[in-house]
Amino acid sequence: MVLDHKHIALFIPLALFSACNADDSALLSYQHTLQVGLYSVHTQNDTVLTDVKVYGIGREDSMLYDVESASSFYLNLNLSRCTTEFVIQTQTLQDNIFIRYDKELEPVSGSSGIAMEISVDSIGHTKTFIDSVSIVHKTIKYNESLENARFFVY
């Protein structure tokens, strides 16, 4: 799902009213990340952005990245909600990202006994330098390293 500036105002209230159990995250001591690869909209090949900053909206540790260049991101999802928002800047351009997901506790082996499994429903974004987003692997499991989404940039 791609959101333009007109539809963002509609998306945020819907995301905030979605059913989500905040108590589930209290059982877990680790974070889940959405793994994002960057791709050129023109060539469909992986690409690199320069002078990159990524902020999490509504969190104490808002600065997630401040790097000279990046070809991928690991975006920590908020396990106490069903939505997480980010700001991605490159040079003088900025886009907002809105991720909506469902959570489910799953049994695992080891000392913890349970883990959170995340299923990404949708990723909305503004369109300053991000042309489109593709969810390539919607399930995020504990200790799994897969590219979940591709951001196609101009």
Side-chain angles (χ1 to χ4, degrees), residues 1-20 22 24-25 28 30-104 106 115-154:
M1 176 170 91
V2 175
L3 298 177
D4 58 21
H5 297 289
K6 295 175 190 174
H7 293 99
I8 289 172
L10 296 173
F11 179 83
I12 292 173
L14 290 174
L16 293 176
F17 286 108
S18 65
C20 206
D24 290 349
S25 65
L28 305 168
Y30 45 81
Q31 297 199 12
H32 285 70
T33 60
L34 180 80
Q35 298 180 37
V36 175
L38 299 173
Y39 293 82
S40 167
V41 71
H42 303 291
T43 66
Q44 307 297 305
N45 294 327
D46 56 338
T47 193
V48 174
L49 295 177
T50 58
D51 192 20
V52 178
K53 292 178 178 56
V54 178
Y55 302 91
I57 297 175
R59 51 196 306 160
E60 288 181 32
D61 58 338
S62 65
M63 175 67 80
L64 302 176
Y65 286 89
D66 186 0
V67 295
E68 289 183 29
S69 64
S71 61
S72 63
F73 303 118
Y74 294 89
L75 301 176
N76 294 341
L77 300 178
N78 183 342
L79 294 180
S80 66
R81 300 181 60 202
C82 290
T83 60
T84 305
E85 299 86 28
F86 299 94
V87 174
I88 301 175
Q89 296 176 335
T90 180
Q91 299 173 10
T92 61
L93 303 174
Q94 173 179 307
D95 269 317
N96 294 348
I97 305 297
F98 311 95
I99 304 166
R100 187 181 182 308
Y101 44 91
D102 293 317
K103 306 176 300 184
E104 187 172 327
E106 294 290 327
M116 185 74 69
E117 182 175 294
I118 306 289
S119 179
V120 178
D121 289 329
S122 60
I123 302 174
H125 64 91
T126 56
K127 296 187 109 186
T128 305
F129 68 91
I130 298 175
D131 174 74
S132 57
V133 171
S134 172
I135 300 172
V136 293
H137 191 78
K138 70 183 283 179
T139 303
I140 302 170
K141 293 184 178 183
Y142 173 69
N143 209 24
E144 190 172 64
S145 182
L146 295 172
E147 183 179 79
N148 302 103
R150 293 181 177 179
F151 289 10
F152 293 91
V153 298
Y154 295 111

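Quick note: numbers below take in every heavy atom, side chains included, and nothing from hydrogens, waters or symmetry partners. On a predicted model such as this, the values are computed, not experimentally measured, just so you know.
Using modelled atom types, one finds no donor on one side chain facing an acceptor on the other under 3.5 Å when comparing Gln35 with Glu147. Remark: the Thr50 side chain and the Gln91 side chain contain an N/O donor-acceptor pair separated by less than 3.5 Å.
With hydrogens and angles ignored, the 3.5 Å screen pairs a side-chain donor or acceptor of Ser40 with a backbone N or O of His42.
With a 4.5 Å cut-off on side-chain heavy atoms, Val36 and Ile123 do not count as touching. Using a 4.5 Å heavy-atom threshold, the side chains of Thr90 and Val153 count as separate. For the pair Val48 and Ser69, the minimum side-chain heavy-atom distance is below 4.5 Å. Considering only heavy atoms from C-beta on, His137 comes within 4.5 Å of Glu144 through its side chain. Annotation: side chain of Phe73 is in contact with side chain of Val52 (closest heavy-atom distance under 4.5 Å). When side chains are defined from C-beta on, Thr139 counts as touching Glu117, because their heavy atoms get closer than 4.5 Å.
Few gaps surround NZ on Lys53; more than 12 heavy atoms of other groups in view lie less than 6.0 Å from it. By the neighbour-count criterion of 12 heavy atoms within 6.0 Å, atom CD of Glu68 is sparsely surrounded, having that number or fewer from other residues, nucleotides or ligands.
We find the OG-CG distance between Ser72 and Leu38 to be 7.0 Å, quoted to the nearest 0.5 Å. In this structure, CG on Asp51 lies 10.5 Å from CG on Leu93, to the nearest 0.5 angstrom. Going from atom CZ of Arg81 over to atom CZ of Arg100 covers 11.0 Å, rounded to the nearest 0.5 Å. Here the straight-line distance linking atom NZ of Lys138 with atom CG of Asp102 works out to 8.0 Å at 0.5 Å rounding. We find the CD1-OG1 distance between Ile88 and Thr128 to be 11.0 Å, quoted to the nearest 0.5 Å. Rounded to the nearest 0.5 angstrom, Ser145 OG and Ile140 CD1 are separated by 11.5 Å.
Phe129 has its ring centre no less than 6.0 Å from the ring centre of Tyr154.
Contact detail for Tyr39 and Gln44: the closest heavy-atom pair is CD2-O, 3.6 Å. Considering every non-hydrogen atom in both Ile97 and His125, the closest pair reads CD1-CB, 3.7 Å. Taking all atoms of both residues into account, the shortest heavy-atom contact from Asp121 to Ile135 is O-CD1, 4.1 Å.
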Kindly indicate, with the supporting measurements, whether the criterion side chain to side chain contact (heavy atoms under 4.5 Å, CB included) is fulfilled by Thr33 and Leu75.
CA-CA 5 Å; Thr33 60; Leu75 301 176; 5.9 Å; no

As a quick check of understanding, evaluate side chain to side chain contact (heavy atoms under 4.5 Å, CB included) for Leu79 and Ile118, giving each step before the final call.
CA-CA 9 Å; Leu79 294 180; Ile118 306 289; 3.7 Å; yes

Audit row: Asp95, Phe151, side chain to side chain contact (heavy atoms under 4.5 Å, CB included) steps and yes/no:
CA-CA 11 Å; Asp95 269 317; Phe151 289 10; over 6 Å; no

Take Thr47 and Phe152 through the side chain to side chain contact (heavy atoms under 4.5 Å, CB included) test and state the conclusion after the steps.
CA-CA 9 Å; Thr47 193; Phe152 293 91; over 6 Å; no

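Among Phe86, Tyr74, Tyr55, the one residue that satisfies the side-chain contact (heavy atoms from CB on, under 4.5 Å) test with Tyr65 is Tyr74.
Annotation: side chain to side chain donor-acceptor pair (under 3.5 Å) contacts of Thr84 (sequence neighbours excluded): Tyr101.
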